[in-house]
Amino acid sequence: MFNKDKFIPISAPSLTNLEREHLIAAYDSGWISSLGEYITKFEKSFADYVGVSYALTVSNGTVGLHLALLALGISSGDEVIIPALTFVATANAIKYMGATPVLVDIDPVSLCLDEGQLQKAITNKTKAVIPVHLYGHPANMARICDIAQKAGIHVVEDAAEAHGAKIDNQIVGSWGSLGVFSFYGNKIITTGEGGIITTNDRDLYQKIKSLRDHAMSPTKRYWHETVGYNYRMTNMQAAIGYAQLLRIEEILLKKQQIYHWYKDLLRPYPSLLLNQSKANVSNVYWLICVQIQNCSENERDLIISQLDMKGIGSRPFFYPLHKMPMYKNLCSDFDIPITIQVSSQGINLPSFYDITHDEVKRVVDTMVLILSDMGKI
Ligand SMILES: *Cc1c(COP(=O)(O)O)cnc(C)c1O
């Protein structure tokens with residue numbers, strides 16, 4: 001039954017008959033585990049889409065980051081530079097290696113790692129940098145790769161939130177030595193749980209292919225010379241991913257449209273800062289981001305709970321990583337002023353494929369009402 005006041009979630013996967021048909025084909029084939037033709041088809045089509053030689057499916061984006069760092073030989077005592085504003089998995093993967101995450105501040109427009117801060121954070125222990133294409137905006141890869149190359153450190157792109165984003169027409173996941181994507185249910189395209197690693201480097205490709213499958217010898221079955229992992233994706237997940245990738249242009253177009261709907265509706269409220277984009281980039285707007293200027297973290301949290309009571313899903317921006325107990329010694333507030341400010345006043349709003357213009361209007365109208373009651377606009 002149609003209900004104009006039904007709850008509007010922040011995200012929801014877009015699953016059509018195409019995904020269903022491929023999923024059932026995988027199921028009916030009997031190849032329901034991690035061997036099967038969809039794994040190869042999905043890897044090939046994803047590599048082609050990103051414009052790299054190799055793509056390797058994995059169980060999720062987090063283990064993708066872990067495999068990337070394993071393949072690069074990151075070890076204890078090493079430092080890996082990441083932005084202070086990201087999902088916790090970026091830092092956790094570094095901890096899995098016994099290495100130290102080094103947090104740097106973000107750029108206020110892209111919300112991605114600031115290249116100037118990257119340069120300053122490099123020491124003789126630095127082995128890699130993981131730029132994160134946050135909320136769909138690509139990091140400044142040309143500058144980051146340049147700095148990294150001069151310093152002799154590796155670049156692993158955390159592209160979990162930015163399938164299809166581009167800088168100067170070159171797609172993310174093809175800039176660094178390795179790119180890592182997530183296919184969790186709320187990402188731009190999904191396989192339920194899942195991830196993929198992209199690379200042009202044959203050596204890294206072979207190492208990762210082996211490590212994700214218990215490091216089994218390619219010539220002698222059930223013989224293992226190092227400790228490997230089971231980080232594989234199933235053929236059924238790959239079937240869903242294959243179908244999703246066939247629809248990615250349509251999905252990205254809708255993301256642009258949703259952004260423009262919000263932009264038009266929020267135009268009268270200059271104190272509400274919507275996603276911004278740098279020149280020469282194509283932002284894929286994974287999530288709509290609104291920064292409420294002159295808003296404390298408590299007020300922001302109140303807005304989120306009032307939206308929820310009025311039937312609208314939203315979420316806070318990521319917290320600066322050093323606010324979490326296990327990362328509390330990594331830096332202080334003074335080191336990352338932009339992250340501190342952006343994080344405390346940011347809200348992500350509904351931006352899923354099936355959202356309608358009426359629903360976006362309801363989100364904006366409701367938020368405007370809450371904010372004007374609070375004297376914020
Ligand atoms: C989602 C996400 C991950 C982890 O991906 P999972 O598939 O959920 O393990 C890593 N980094 C960022 C920035 C993410 O948003």
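Just follow the structure's listing: the first ligand is 1, and inside any ligand the first atom is 1.
Screening residues 227-239 for salt bridge (charged side-chain N to carboxylate O under 4.0 Å, His left out), with sequence neighbours left out, gives Asp213-Arg232. For residues 366-377, the side chain to side chain donor-acceptor pair (under 3.5 Å) pairs, not counting sequence neighbours, are Glu299-Lys376.
The structure places CE of Met367 at 13.0 Å from NZ of Lys310, a figure rounded to the nearest 0.5 Å.
Taking the ring centroids of Tyr49 and His163, they lie at or beyond the 6.0 Å cut-off. Centroid-to-centroid, the aromatic rings of Phe42 and Phe183 come within less than 6.0 Å.
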Give a table of atom pairs where an N or O of ligand 1 lies under 3.5 Å from a protein N or O.
residue	atom	partner	partner atom	Å
ligand 1	5 (O)	Ser182	OG	3.3
ligand 1	7 (O)	Gly61	N	2.8
ligand 1	7 (O)	Ser182	OG	2.7
ligand 1	9 (O)	Asn60	OD1	3.4
ligand 1	9 (O)	Gly61	N	3.4
ligand 1	9 (O)	Thr62	N	2.9
ligand 1	9 (O)	Thr62	OG1	2.5
ligand 1	11 (N)	Asp158	OD1	3.3
ligand 1	11 (N)	Asp158	OD2	2.8
ligand 1	15 (O)	Glu161	OE2	2.5
ligand 1	15 (O)	Lys187	NZ	3.0

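Listed by chain and number, the residues in a ring-ring contact (aromatic ring centres under 6.0 Å, His included) with His357 are Trp261 (sequence neighbours excluded).
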